[in-house]
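In what follows, a single structure is set out as structure tokens and then discussed.
Basis for what follows: all heavy atoms, side chains included, without hydrogens, waters or symmetry-related copies.
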Amino acid sequence: MAKQGNIQIASENMMPIIKKWLYSDKDIFLREIVANGIDAITKYRKLVEMGETAEDESNKNYCIKISVDKDAKTLTVEDNGIGMTENEVEKYITQIAFSGAADFLAKYEKAGGDGIIGHFGLGFYSAYMVSENIEIFTKSYREGAKGVHWESDGESTYTIEDCDKAERGTRIVMHIAKEEKEFLDEGRIRSLIEKYCAFMPYDIYYNFTGKDDKALNDTHPLYLKNPKECTDEEYKEFYRKTFHDYHDPLFWIHLNMEYPFRLKGILYFPKVKSKVELERGKVKLYCNQVYIADNIKEVIPEFLTLLNGVIDCPDIPLNVSRSFLQNDRQVQKISKHITKKVADKLTGLFKTDRKKYQQCWNDISVFIKLGCIKDEDFYSKVKDIIIFKDLNGEYKNLDEFIGKAPQAEANAEGESAAAEGDKAEEKKEEQPTTIYYISDEAGQAQYIDMFKNAGLNAIVCDTFIDTHFVSYLEYKEPTKYRFMRIDADVDAALKNGEAGKDEEADKALVEAFKAVLKNTSVAVKAEKLKNAEVPAIINVSEFSRRFGEMNAFYGIAGADADRDMTLILNTANPVIEAFTGLDEQKKTFVANQVYYMARLAYKKLSPEEMKEFAENNAALLKNYID
């Protein structure tokens with residue numbers, strides 16, 4: 001005869017969790033139910049290992065079976081684990097606050113807790129987020145145990161009675177609510193298994209038939225193996241299967257640590273598919289092969305989430321608050337260890353395979369630069385392996401670029417000699433070296449040609465983060481580096497000296513030019529540049545341009561760097577040299593055409609300016625034909 005009872009809920013412990021799940025990750029219920037089945041199997045196997053029960057030879061295929069019956073509107077999860085007696089059902093199911101895993105470990109603590117998930121707490125009751133009624137059919141491993149049937153609609157009552165279940169284990173039948181019918185769809189269930197149960201330690205089957213069924217999960221994922229036993233092809237195959245990316249990763253880091261904390265995993269450096277927009281990566285966090293979440297920044301440093309990877313850390317609880325993770329010292333140590341391993345991998349690759357490192361640089365540079373800005377410890381470890389391409393296509397770190405050889409460790413003699421060195425020379429060395437850079441090889445082609453013709457060099461900074469990164473380098477190394485974009489105050493680098501400079505003539509040229517120039521807001525200067533073929537160039541001060549770009553990045557209006565724009569007239573150019581001798585009509589035509597040409601080499605013209613520039617070019621073509 002069926003027995004009735006009241007469900008005992010320790011609401012002060014469980015209801016906050018229920019509410020959280022109800023309003024966020026509803027589909028997590030499947031992880032909870034399957035994980036409980038995994039625990040049940042693990043407990044049974046431990047009892048067998050300890051000799052407390054004999055293994056059932058007829059039921060040794062330890063697995064989880066998931067099935068859907070659309071007609072009956074049920075989703076079923078079945079395990080062949082430890083099972084439960086009637087008393088255990090009432091103890092572990094009807095008293096929600098009681099942890100069956102905790103009770104088991106307390107009783108068999110000598111056997112150790114490895115493999116027992118047991119941190120879910122709520123577990124079974126999460127299924128009521130999608131079910132209007134749930135049935136449990138279970139039979140304990142104990143000799144002579146009867147099958148037990150438990151049923152409840154999740155309110156305050158349940159029924160429990162004997163049933164005819166023949167084999168050890170537990171079958172949970174969820175009667176899916178009308179509004180949750182998506183959980184009766186095969187594709188939906190398979191996707192949830194792939195997301196939450198991909199690496200659980202026992203086979204998981206969908207609609208098991210017993211004939212050539214293929215498990216949906218990988219019970220021995222690659223990250224659990226010893227790195228020495230893994231091949232390159234295995235790493236690539238695991239990457240493709242886990243992240244559905246059919247581009248091979250650039251390289252990877254296999255994490256394998258047992259002390260002072262347990263940590264296993266693989267971090268992959270993916271090939272960037274677009275230089276304009278770096279795709280956000282996904283680092284999956286697991287606890288004992290059970291999925292927790294993606295990209296938890298308290299465990300995975302934020303800049304590392306640009307990577308793809310899997311990290312399994314049994315020392316991190318499955319369901320805890322972010323505030324706990326932020327304040328937990330063990331979590332902080334894990335985060336720092338992961339960062340260190342990444343830095344070690346990068347520096348090792350730089351030193352042992354510089355060619356491959358340079359080939360990968362375009363794909364990993366944004367990640368490294370972001371890591372430096374976000375984490376000073378990371379910067380200190382990798383600062384010497386940050387490289388830049390120069391105008392000759394060669395990759396160099398900054399010391400190599402400015403021709404400064406790496407310093408060896410000074411001995412006592414060297415330190416003494418340095419202390420007695422020339423004070424003036426010491427002061428000179430403290431002055432930062434100006435490093436010119438370009439941000440757009442095509443758009444700044446004219447400036448690049450001028451630099452090359454003048455025998456000068458520059459580095460290429462063409463990613464979205466570079467403007468911020470050079471400012472960061474100046475902040476970190478104020479006595480070493482000063483960065484100037486190639487079109488910022490370049491007259492200092494390109495002008496042809498001051499000898500023979502006619503200041504009065506230059507002043508007259510500037511005044512005559514400004515008098516007919518339609519853009520009255522631009523400043524005008526005259527300089528003799530090394531390249532006589534260029535009539536004029538545009539300069540914008542580095543500070544004004546960076547300030548404008550920063551404000552534009554944050555969406556702040558009114559931050560136009562062009563307000564600080566200067567037109568540099570090249571007095572070495574024949575057109576500029578002859579300008580003051582032209583009549584007024586020709587002065588107007590030449591001045592504005594020279595400005596438009598210089599402006600085009602700097603950035604796009606406004607629609608009005610482009611219209612006039614095109615008309616001027618048409619007039620020039622007509623005069624040439626005539």
>> Using only atom types and a distance under 3.5 Å, with no angle test, would you say the side chain of Asp502 pairs donor to acceptor with the backbone of Ala505?
In response: yes
>> Check the orientation of Phe613 and Tyr596. Use parallel for under 30°, tilted for 30 to 60°, and perpendicular for over 60°.
In response: perpendicular
>> Can you confirm whether Met597 is buried at CE, in the sense that more than 12 heavy atoms of other residues, nucleotides or ligands lie under 6.0 Å from that atom?
In response: no
>> Rounded to the nearest 0.5 Å, what separates atom CG in Asn256 from atom NZ in Lys341?
In response: 9.0 Å
> Between CD1 of Ile537 and CD1 of Ile568, what distance do you get to the nearest 0.5 Å?
Replying inline: 6.0 Å
> Taking side chain as C-beta onward, heavy atoms only, is Trp252 less than 4.5 Å from Asp232?
Replying inline: yes
> Between His337 and Gln332, is a side chain to side chain donor-acceptor pair (under 3.5 Å) present by the stated rule, with each step listed?
Replying inline: CA-CA 9 Å; His337 175 75; Gln332 294 169 6; over 6 Å; no
>> Would Phe303 and Phe378 count as a ring pair (Phe, Tyr, Trp, His ring centres under 6.0 Å) here? Give the steps.
In response: CA-CA 10 Å; Phe303 70 93; Phe378 183 74; 4.8 Å; yes
> Between Glu609 and Asn592, is a side chain to side chain donor-acceptor pair (under 3.5 Å) present by the stated rule, with each step listed?
Replying inline: CA-CA 9 Å; Glu609 291 173 332; Asn592 287 285; over 6 Å; no
>> I need the His254 NE2 to Lys264 NZ distance, nearest 0.5 Å.
In response: 7.0 Å
> Passes side chain to side chain donor-acceptor pair (under 3.5 Å), Asp377 versus Ser380? Steps please.
Replying inline: CA-CA 5 Å; Asp377 287 342; Ser380 67; 4.8 Å; no
>> Determine whether a donor-acceptor pair (N or O, by modelled atom type, separation under 3.5 Å) exists between the side chain of Asp312 and the backbone of Gly265.
In response: no
>> Would you call the rings of Tyr239 and Tyr268 parallel, tilted or perpendicular, taking 30° and 60° as the class edges?
In response: tilted
>> Below 30° counts as parallel, above 60° as perpendicular, anything between as tilted: where do the rings of Phe579 and Phe513 land?
In response: tilted
> Going by atom types alone, do Asp462 and Tyr437 pair a side-chain donor with an acceptor below 3.5 Å?
Replying inline: no
>> As a quick check of understanding, evaluate side chain to side chain donor-acceptor pair (under 3.5 Å) for Thr433 and Arg482, giving each step before the final call.
In response: CA-CA 6 Å; Thr433 301; Arg482 174 174 175 262; over 6 Å; no
> Taking the six-membered ring for Trp, are Phe388 and Phe401 ring centroids under 6.0 Å apart?
Replying inline: no
>> Check the orientation of Tyr286 and Phe199. Use parallel for under 30°, tilted for 30 to 60°, and perpendicular for over 60°.
In response: tilted
>> Looking at Glu394, is its backbone amide N or carbonyl O close enough to the side chain of Asn392 to form a donor-acceptor pair, meaning the two atoms are under 3.5 Å apart?
In response: no
